Protein chains: 2
Amino acid sequence: MNPFQFHNPTRIMFGSGMLDQLGSAVSQYGSKVLLVYGGGSIKTTGLYDRIMRLLQQANVEVHELPGVEPNPRVSTVRKGISICREYSIPFILAVGGGSVLDAAKAIAVGVPYEGDIWDFFMRKADIHSALPLGTVLTLSATGSEMNGSAVITNWEDQLKKAIGSIHCYPAFSILDPALTYTVPRNQTVNGIVDMMSHVFEQYFSRTTNTPLQERFCESILQTVIENGEKALHNPEHEEARANLMLCGTYALNGGMISVGMENDWATHMIEHEVSAIYDIAHAEGLSVLFPNWMKYVYKERLDRFVQFAVRVWQVDPAGKSDEQIALEGIQATRDYFTRIGAPSRLSELNIDAKELDRMAKETVRFGPVGSFKALHESDVRSILEMSL
Amino acid sequence: MNPFQFHNPTRIMFGSGMLDQLGSAVSQYGSKVLLVYGGGSIKTTGLYDRIMRLLQQANVEVHELPGVEPNPRVSTVRKGISICREYSIPFILAVGGGSVLDAAKAIAVGVPYEGDIWDFFMRKADIHSALPLGTVLTLSATGSEMNGSAVITNWEDQLKKAIGSIHCYPAFSILDPALTYTVPRNQTVNGIVDMMSHVFEQYFSRTTNTPLQERFCESILQTVIENGEKALHNPEHEEARANLMLCGTYALNGGMISVGMENDWATHMIEHEVSAIYDIAHAEGLSVLFPNWMKYVYKERLDRFVQFAVRVWQVDPAGKSDEQIALEGIQATRDYFTRIGAPSRLSELNIDAKELDRMAKETVRFGPVGSFKALHESDVRSILEMSL
């Protein structure tokens, strides 16, 4: 176990009825709010009306930034920053999934900063402050509701980059599993892949002697696997939706499940370059890439892959070599993704070999990626090729 | 799963080297500190000198409250409150184990309150504020370093009661496993029992459909069981001490592992009445009582006790009834406690039947205790009798 610091100040309000406390939760930060949301599904479900009513009852003046994209764009973030500045808005409320939340975080960081928000993503500036923000989550996937990270796409430059800061943790996040009943099937699938991938990035680590953290990771994976198919089979399965929502949050809440472990994140960085060029869902890219990353790196630490196969996928180790066991675990991962309807090849997403060089090069812009195995440009290219 | 709120604002600084950041961590709260500690072991280990040096380097004026008892007394708390008021001290630093930390929390709550601190423990007043506090942990056991609870004994009235508030969470806690190398064997044993008991209070719950939380609880129990004996065998076993320290913190950090689950806490409440009259260590009482509580209540939810036996103790279920499996799990718990040297009978602690009635009566002062099975006075008396 490595030395670490852990600090997660987000207040989680989980379960039905918590939304009713929205007014008082927001109004303690001031009398104005920027309401950030996505493509309008919150209007068809009635959530928008409910939120507007709650905010009005609390005498909060609402300004709106609708239309945040599935891969949220820096142009949208800049628009939000302008609104906050123009109306001296002290608080941001994000209602939606990870994309909306990430956009809200970037806006929060951008408002008190004199330069352009993209500076932070290009590592030209450090984050020293941000507006406070709250969230109402409508999609279980990214964990953005309880962490300090945000991923934003610069569509003009075809770049997709991340920031992370203690200042970006939501002050509160309202998590009502019932709000996820209406999520389209493919987005539920994406959420499942997303949260499993987040655990993979932490679990496949070179750090030794972390038995509690490994078990926490395995706990989440097993619970997602069990409940994912239940939620897909019955979208209004109350307990499956609640379990998935909790798993998504715990899978990436500032590293609570992997304190003191070196994380990898190479697969995420490769995927960001894919979805920076092709407008696919982040999780679609992850579903294709992750089992291939596993195949590429598993020999670095066979013991961890054996443990993964046995504990998470209940692979029977009897009479098999460690390598066989490890490969069966990787195959089980691929099979599960396929079973729930997630893609296994880039070609299914209409992506061919054309941009492979560019994606590989951009992935390593700041140096080799990953710590489980440091991946150089040629490694990244190999994994992308395996994924075609 | 039940609706819940979770908010744990404590910053954890874990591992060797973190203590060096003490000066800057404290000085951001002001230029004076009340240093609270126990019987003086921090002087023999050199920790006291190291801390004084770090605080002096940060230009922090140190006032001291030494001599906090293993069952910290309200009289000591009152002394600390007086010192803080007299010198206008804005911050408290607790250096020690759970007792010292709990005393510091009670002082923190008492300073801004006009009445007597014991009011909060007798539920005559609600906690609305507290001084900020930080901790340096020297003993893995209570989880007090990352939660908002404190247990204090009123020796005059022979009462031992708890408070809990969001205002009592430490602002930061420095956790260096190396500081626990010199903990006496019996205190290491007590710590192991303590953290396992904390998990039991959460894990044996009537709440259904909490698969992730159950696995988190089982993860901690398994990791404590594995590492407890290693640390006892070799007190300077770096990784075992680190794993135990992390387990102790996660076992009771505001309910992170049992969000949305009804907790029990009956055994703790019974034990508090035992150690309010007899000056035994809290964990000694828990070691005696918990397996007997289990035997008294296991039929309330046989499935949970079967799961406990199989997943935590690897009881082989083949050819056995659920009841047999459950009882084997309970026996395995008792056997483990015995193996590490924890007591199994009150008589080993020189406690006889004399005060049983009084302890049973006081346990239910505020009504029946426990939620897994609500225990009335006669139930509590039965469990105490089983424990003689």
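In this text the structure is predicted, and so the values were computed from the model without any measurement. Below, chain A is the first sequence line, B the second, and so on; all start at residue 1.
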Asks: Would you mind checking which part of B:Met256 comes under 4.5 Å of any heavy atom in chain A, side chain (CB onward), backbone (N, CA, C, O), both or neither?
Replies: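 Answer is both: backbone and side chain atoms of B:Met256 are under 4.5 Å from chain A.
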Asks: Taking side chain as everything from C-beta outward and backbone as N, CA, C, O, which of these in B:Val224 sits under 4.5 Å from a heavy atom of chain A? Side chain, backbone, both or neither.
Replies: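 Contact with chain A involves no heavy atom of B:Val224 at all.
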Asks: Does the ring centre of B:Phe216 sit less than 6.0 Å away from the ring centre of A:Phe216?
Replies: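 Here the rings of B:Phe216 and A:Phe216 have centres that are less than 6.0 Å from each other.
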Asks: Look at A:Pro3, A:Cys247, A:Gly15 and state which one has the largest set of heavy-atom pairs under 4.5 Å with chain B.
Replies: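 Looking at each option in turn, the highest pair count goes to A:Pro3.
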Asks: Scan chain A against chain B and return every donor-acceptor pair whose distance is under 3.5 Å.
Replies:
unit_1	atom_1	unit_2	atom_2	d
A:Met1	N	B:Glu239	OE2	3.4
A:Phe4	N	B:Phe14	O	2.8
A:Phe4	O	B:Phe14	N	2.8
A:Gln5	OE1	B:Arg11	NH1	2.9
A:Gln5	NE2	B:Gln21	OE1	3.3
A:Phe6	N	B:Ile12	O	2.8
A:Phe6	O	B:Ile12	N	2.7
A:His7	NE2	B:Pro9	O	3.0
A:Pro9	O	B:His7	NE2	3.0
A:Arg11	NH1	B:Gln5	OE1	2.9
A:Ile12	N	B:Phe6	O	2.7
A:Ile12	O	B:Phe6	N	2.8
A:Phe14	N	B:Phe4	O	2.8
A:Phe14	O	B:Phe4	N	2.8
A:Gln21	OE1	B:Gln5	NE2	3.3
A:Arg215	NH1	B:Thr223	OG1	2.8
A:Arg215	NH2	B:Glu226	OE2	2.5
A:Ser219	OG	B:Ser219	OG	3.4
A:Thr223	OG1	B:Arg215	NH1	2.8
A:Glu226	OE2	B:Arg215	NH2	2.5
A:Glu239	OE2	B:Met1	N	3.4
A:Tyr250	OH	B:Met256	O	2.7
A:Met256	O	B:Tyr250	OH	2.6

Asks: Determine the option with the most heavy-atom pairs under 4.5 angstrom with chain A, choosing from B:Leu246, B:Ile166, B:Ile220, B:Leu175.
Replies: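 Of the candidates given, the most pairs with chain A belong to B:Leu246.
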Asks: Please examine the side chains of B:Phe4 and A:Met13, heavy atoms only from C-beta on, and report whether any two atoms are closer than 4.5 Å.
Replies: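 They are not in side-chain contact.
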Asks: Counting only non-hydrogen atoms closer than 4.5 Å, does B:Met18 touch chain A with its backbone (N, CA, C, O), its side chain (CB onward), both, or neither?
Replies: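 B:Met18 touches chain A through side-chain heavy atoms alone.
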Asks: Can you sort out the partners of A:Leu139 under side-chain contact (heavy atoms from CB on, under 4.5 Å), two or more places apart, ordered by chain and number?
Replies: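 Per chain and number, A:Leu139 pairs via side-chain contact (heavy atoms from CB on, under 4.5 Å) with A:Val183, A:Gln187.
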